[in-house]
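One structure is given below, encoded as structure tokens.
All ligand and atom numbering here is 1-based and tracks the order in the structure. Quick note: numbers below take in every heavy atom, side chains included, and nothing from hydrogens, waters or symmetry partners.
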Amino acid sequence: MSDWIKEYIGDFDGLVLRKNHPENTIVDMGDARFGDDERHIIAGPCAVESEKQILHIAREVKRAGATLLRGGIFKPRTSPYDFQGRGDEAVKWLVKAKEETGLPVVSEIVDISQLELMSPIDMLQVGARNMQNFEMLKKLGRQNKPILLKRSPASTVKELLMAAEYIMAEGNSNIILCERGIRTFENATRNTLDLAAVPLIKMVSHLPVIVDPSHGTGRPELIAPMAAASFSAGASGIMIEVHSNPEEALSDGKQAVDLKEFSRIMNSLKGMRGQFMERGL
Ligand code: PEP
Ligand code: MN
């Protein structure tokens, strides 16, 4: 390990570090494996808005080659007056989309009291705003469901790793890390996508890492090049917000790609998904 990495990690000697666990951790969900050669595409709307909406998007993203479906049930919004998600009833819509398409589903948990309600969800997302909700992280560590832990826009990679440590120290090592952009002085993009974090995390940690170029740029035109760059950087997957009608979306419509553009992005990534595409998935 290079001296600068040793210096960066300092005296943190956690379970998440590769020096304490040299093998890659593999996180399995249905047919999807994160942490080896597979390259996954998690796609779907920012928020589950209706049964019809999620079923339609699920079928289309599956057809285009997505391997997991996303959709927020509870939305942590900056303004309390913005759409907060459909809540409880959206669980059954997302589960229906999962049953129909066979795609494993990921959705954000914003309070630990939602754990039972969200039991049919395959992977629980801890969003950027809750990355350091340490009591929730500890409780998520006491169950075994995979956790998608997103980096806060104001956190270092080391702080992200320490947040993952809260989960792993309680016994759950089914953790996927997600780079989703950090806050800088640049204002052409919603956030600044820190792609160097991907190889850095892979050097320092054994946990799989994915990239969210949707929140990372906030600009639909930048998603295709950043998706390709994410795979070049070594990401195990990317997460893209897709909406059948971005202009009508109840959240994050400005950064959503429509179904046509999603299909184009998928085609442009074909050569980069290696074995996984060859298996016809
Ligand atoms: C999301 O994935 O819709 C989301 C709210 O992401 P983040 O927590 O990264 O802002
Ligand atoms: Mn969103």
* NE2 (His215) - the Mn ion (ligand 2) - OE2 (Glu241) angle, nearest 10° -> 90°

* With heavy atoms of Arg129 as the reference, note each atom of ligand 1 found under 4.0 Å away. => 8 (O), 10 (O)

* Asked: So which heavy atom on Asn191 is nearest to which on Arg183, and how close?
  -> OD1-N, 4.4 Å

* Asked: What atoms of ligand 1 come closer than 4.0 angstrom to any heavy atom of Gly127?
  -> 8 (O)

* If two hydrophobic side chains count as joined below 4.5 Å and joins carry through other members, does Met131 share a cluster with Val106? -> no

* Asked: How close does the nearest protein non-hydrogen atom get to atom 1 (C) of ligand 1, and which residue and atom is it?
  -> His215 CE1, 3.2 Å

* **Lys75: numbered ligand 1 atoms lying under 4.0 Å from its heavy atoms** => 1 (C), 3 (O), 5 (C)

* Asked: So is Arg151 in contact with ligand 1, going by heavy-atom distances below 4.0 Å?
  -> no

* Structure fact -> Checking distances from the Mn ion (ligand 2), one finds that the N, O or S atom of Asp252 closest to it is OD2

* Closest approach of any protein heavy atom to atom 10 (O) of ligand 1, naming residue and atom -> Arg180 NH2, 2.8 Å

* Asked: Is there a path of hydrophobic side-chain contacts, each under 4.5 Å between heavy atoms of I, L, V, M, F, W or Y residues, that connects Leu193 with Phe231?
  -> yes

* Provide, to 0.1 Å, the distance between atom 6 (O) of ligand 1 and the closest protein heavy atom, together with that atom's residue and name. => Lys150 NZ, 2.9 Å

* Sole candidate of Leu69, Asp122, Ile121, Ile54 that passes side-chain contact (heavy atoms from CB on, under 4.5 Å) when paired with Lys98 -> Asp122

* Gap separating the CE atom of Met203 from the CG atom of Leu17, nearest 0.5 angstrom -> 13.5 Å

* **Heteroatom distance test (Arg70, ligand 1): nitrogen or oxygen, under 3.5 angstrom** => yes

* Asked: Same cluster or not: are Ile223 and Val209 linked, directly or through other Ile, Leu, Val, Met, Phe, Trp or Tyr residues, by side-chain heavy atoms under 4.5 angstrom apart?
  -> yes

* To do: Is it possible for you to say whether Val91 and Leu55 belong to one hydrophobic cluster, with membership spreading through side-chain heavy-atom contacts below 4.5 Å?
  => no

* Closest protein heavy atom (residue, atom, distance) for atom 5 (C) of ligand 1 -> Glu108 OE1, 3.7 Å

* Going by the salt bridge (Lys or Arg N to Asp or Glu O under 4.0 Å) test, name the single residue among Arg219, Arg70, Arg190 that passes it with Asp252. => Arg190

* Structure fact -> So the atoms of ligand 1 within less than 4.0 Å of a heavy atom of Glu241 turn out to be 1 (C), 3 (O)

* Can you list the atoms of ligand 1 that are under 4.0 Å from a heavy atom of Cys46? -> 3 (O)

* **For Lys138 against Glu170, the heavy-atom pair lying closest together** => O-CG, 3.4 Å

* Asked: Hey, which atoms in ligand 1 end up nearer than 4.0 Å to a heavy atom of Ala128?
  -> 7 (P), 8 (O), 9 (O)

